[in-house]
Amino acid sequence: MRKYYKLTPEGTRDLLFEDSAAINTVSGILSDIFREKGYHQVITPTLEFYDTFTLEGFGYLSEEMFISTDKKGRLLALRPDSTIPIARIVATRLKDEALPLKLCYNQPIYRNNKSLSGRTDEIRQAGMELIGASGKRADIELIVSAVEILKRVTPFFRLELGHAIFLKSILNRLDVEEYKKDLIRDYIESKNYSALITLLDEIPQDETTRALKKLPRLFGGEEIFKKALPLFKGTEAESALFYLKDLYRDLSAILPEDKLMIDLGMVQKSDYYSDMIFCGYVEGSGDAVLNGGRYDKLLSQFRKSVSAAGFGVNVDELARIYMNINGEEKPEAADIIVHGNDGYEIEAIKKKQELVSQGFRCEYSVFSSSDSARFYARKKGIKKICIVNANSRIEEI
């Protein structure tokens, strides 16, 4: 018995007229920005070999991916991320291209989220990847591009800056089992601070555990750098703190204080980020709609050592926010429906083309009678009908 043939799988949904229009509008905004910045689109396969996503630091467990096999029994996965496949392309198809490479994408990703998490398993994600460029200029290029995307969709946004080294620096000094370090990462990433404090209270208290308790609170403006310096002075993270401060001051020249924040407790799901990281939030959405950062060591896992940074945008969520602000985009009704009487079907096609060339929006009637065409036009809000026969004419409906 077929039980599910009228349903969509958990974590997926149909997108109807207004939703589709909003996604197309936001995708158009993104395409314009990508083109203005000189980025070139790539499309990666929906199915990749599972091995591609087992690289060190990828951050997704096998149970969080949709896994299948090909006809030879090799493991496949629906891509849960676009950066990894693009890194593969750079190391193979584009290995001899001049650097830097400016690549962009807009395609679905698939993540097997926990039941009742409220998150969809199929997400349309777009993004920019800057391969072969490092330093502050490259970081500013990406962050400013991310800000432009958010600004064109909504004025109510906030960008948060962090650095991957801060949490790693503290965890490297923490003398506990690896699984507990993973739990700490998960708790900070999900902002489950009560669980974090409970776990840390079970560990012998020292400067490291106290630093971990303080880390999530290091959120705010420029004053955060002064508060954080005692935690990282003399460690591998001290220079990163000064770099982030310098970056923050540069960006403050073009962003109001309430649009740019520092979050030293920021953790990205993907652990391949090596340096500067950032997130974008918009009013009306609880989760970050934009995530990115620098991942200078990722390409070396594909045997191509080159600097890289990028970010991804949740297009579905931005489209929802866009609709909330601008209202639903109702499909525009045609100006004229063109109906050919029996024997005049081809002439009706020609007449429609003629009217379109004059600037009219036209529909071709597929009905067997002009009365049926009129009835349909009234339901769709079409105001005129063109009857094509020996004496063609346009009538008000």
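Positions are given from 1, in the same order as the sequence printed here.
Smallest separation of non-hydrogen atoms from Ile131 and Tyr295: CD1-OH, 3.6 Å. The minimum heavy-atom distance between Thr235 and Ser169, with the atom names listed, is OG1-OG, 3.9 Å. Nearest approach of Ala228 to Leu218, heavy atoms of both residues: CB-CD1, 4.0 Å. Ile86 and Tyr105 get closest at one heavy-atom pair: CD1-CD2, 3.3 Å. Annotation for Asp342 and Ser368: closest pair OD1-O, 4.3 Å, computed over non-hydrogen atoms. Scanning all heavy atoms of the two residues, the minimum distance from Lys136 to Asp246 falls at NZ-OD2, 3.0 Å.
Taking the side chain as every heavy atom from C-beta outward, Leu101 and Val306 never approach each other to under 4.5 Å. Residues Val90 and Phe302 fail the side-chain proximity criterion, which asks for heavy atoms closer than 4.5 Å. Ile143 has its side chain within reach of Leu161: a pair of non-hydrogen atoms, C-beta onward, lies under 4.5 Å apart. Looking at heavy atoms from C-beta onward, Leu150 lies out of side-chain contact with Lys259 at the 4.5 angstrom threshold. The closest side-chain heavy-atom distance from Leu247 to Leu251 is below 4.5 Å. Side-chain atoms of Arg320 and Ser285, non-hydrogen and from C-beta on, do get closer than 4.5 Å to each other. Residues Glu238 and Leu229 have side chains in contact (heavy-atom distance under 4.5 Å, counting atoms from C-beta outward). Counting heavy atoms from C-beta on, the side chains of His339 and Asp371 never come closer than 4.5 Å.
Under the 4.5 Å side-chain heavy-atom criterion for grouping Ile, Leu, Val, Met, Phe, Trp and Tyr, Leu255 is connected to Ile33 within one hydrophobic cluster. No path of Ile, Leu, Val, Met, Phe, Trp and Tyr side chains, each step under 4.5 Å between heavy atoms, connects Ile43 with Leu94, placing them in separate hydrophobic clusters. Residue Leu244 is grouped with residue Tyr248 when hydrophobic side chains (ILVMFWY) are merged at heavy-atom distances under 4.5 angstrom, including chains of intermediate members. Note on Phe219 and Ile197: separate hydrophobic clusters, where clusters join Ile, Leu, Val, Met, Phe, Trp and Tyr whose side-chain heavy atoms are under 4.5 Å apart, directly or indirectly.
Each of Ile23, Asn24, Leu30 was compared with Val26 under the side-chain contact (heavy atoms from CB on, under 4.5 Å) criterion, and only Leu30 meets it. Each of Leu215, Val267, Leu171 was evaluated against Ile184; a single residue qualifies, Leu171, per the side-chain contact (heavy atoms from CB on, under 4.5 Å) test.
The backbone N or O of Ile203 lies less than 3.5 Å from a partner atom in the side chain of Gln205, making a donor-acceptor pair. Asp121 contributes no side-chain N or O that, together with a main-chain N or O of Asn112, makes up a donor-acceptor pair within less than 3.5 Å. When atom types are taken as modelled, the side chain of Arg173 and the backbone of Glu207 share no donor-acceptor pair closer than 3.5 angstrom. With hydrogens and angles ignored, the 3.5 Å screen pairs no side-chain donor or acceptor of Thr120 with any backbone N or O of Ile123. The main-chain N or O of Ser62 is never found under 3.5 Å from a side-chain atom of Glu64 such that the two would form a donor-acceptor pair. Side chain of Thr209 to main chain of Leu200: no donor-acceptor pair is present (N/O by atom type, distance under 3.5 Å, no hydrogens or angles). Not a single donor-acceptor pair under 3.5 Å links the side chain of Arg378 to the backbone N or O of Ile397.
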Salt bridge (Lys or Arg N to Asp or Glu O under 4.0 Å) evaluation trace for Arg137 with Asp250: CA-CA 10 Å; Arg137 288 182 179 84; Asp250 284 346; over 6 Å; no
Lys351 and Glu354: CA distance, side-chain angles, deciding distance, salt bridge (Lys or Arg N to Asp or Glu O under 4.0 Å) verdict: CA-CA 5 Å; Lys351 185 64 177 178; Glu354 177 189 328; 3.4 Å; yes
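The distance from the CD atom of Gln107 to the CD atom of Gln41 is 8.0 Å, given to the nearest 0.5 Å. With rounding to the nearest 0.5 angstrom, the CG atom of Leu142 is 5.5 Å from the CZ atom of Phe278. Distance CD1/Ile170 to CG/Leu212: 5.0 Å, rounded to 0.5 Å. The line from CD1 of Ile29 to OG of Ser31 is 10.0 Å long, rounded to the nearest 0.5 Å. A distance of 13.0 Å separates NZ of Lys37 from SG of Cys104, quoted to the nearest 0.5 Å. Note that CD1 of Ile387 is 8.0 Å distant from OG of Ser365, once rounded to the nearest 0.5 Å.
Within the hydrophobic cluster formed by Ile, Leu, Val, Met, Phe, Trp and Tyr side chains joined at under 4.5 Å, directly or through other members, Tyr344 is accompanied by Ile336, Val338, Leu355, Phe360, Val388, Ile394.
Annotation: Arg393, atom CZ; neighbour count of heavy atoms from other residues, nucleotides and ligands within 6.0 Å is above 12. Within a 6.0 Å radius of NZ in Lys384, other residues, nucleotides and ligands contribute 12 heavy atoms or fewer. Few gaps surround CG on Asp258; more than 12 heavy atoms of other groups in view lie less than 6.0 Å from it. Counting non-hydrogen atoms of neighbouring residues, nucleotides and ligands closer than 6.0 angstrom, the OH atom of Tyr193 exceeds 12 such neighbours. For CG of Leu7, the number of neighbouring non-hydrogen atoms (other residues, nucleotides, ligands) closer than 6.0 Å is greater than 12.
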Just list the side-chain donor-acceptor pairs under 3.5 Å for residues 152-159, sequence neighbours left out, or say none.
from, atom 1, to, atom 2, distance (Å)
Arg152, NH1, Glu36, OE2, 3.4
Arg152, NH2, Glu36, OE1, 2.8
Thr154, OG1, Phe156, N, 3.0
Arg158, NE, Glu160, OE2, 2.9
Arg158, NH2, Glu160, OE2, 2.5

Side-chain atoms of residues 71-81: list all donor-acceptor pairs with protein atoms under 3.5 Å, sequence neighbours left out, distances to 0.1 Å.
from, atom 1, to, atom 2, distance (Å)
Arg74, NE, Asp70, OD2, 2.8
Arg74, NH2, Asp70, OD2, 3.0
Arg79, NE, Pro108, O, 2.6
Arg79, NH1, Thr44, O, 2.6
Arg79, NH1, Pro45, O, 2.9
Arg79, NH2, Pro108, O, 3.0
Asp81, OD1, Thr83, N, 2.8
Asp81, OD1, Ile84, N, 2.8
Asp81, OD2, Tyr272, OH, 3.0

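Using a 4.0 Å cut-off between charged nitrogen and carboxylate oxygen, Lys226 and Glu223 do not count as a salt-bridge pair. Comment: Lys297 does not engage Asp275 in a salt bridge, judged by the lack of any side-chain N to carboxylate O separation of less than 4.0 angstrom. The pair Glu202-Lys180 fails the salt-bridge criterion, with no side-chain N (NZ, NE, NH1 or NH2) lying under 4.0 Å from an Asp/Glu carboxylate O. With respect to Asp32 and Arg35, a salt bridge is recorded, a charged nitrogen being found less than 4.0 Å from a carboxylate O.
Residues that satisfy the side chain to side chain contact (heavy atoms under 4.5 Å, CB included) test with Arg93, not counting sequence neighbours, are Ile89. Checked against side chain to side chain contact (heavy atoms under 4.5 Å, CB included), Lys380 has the following partners two or more places apart in sequence or in another chain: Tyr376, Ile382.
Between Phe232 and Phe166, the angle of the ring planes lies from 30° to 60°, which puts this pair in the tilted group.
Checking Asp139 against Tyr243 by side-chain atom types alone, a donor-acceptor pair falls below 3.5 Å.
Listed by first then second residue, pairs satisfying ring-ring contact (aromatic ring centres under 6.0 Å, His included) with a partner in residues 5-51 number zero, not counting sequence neighbours.
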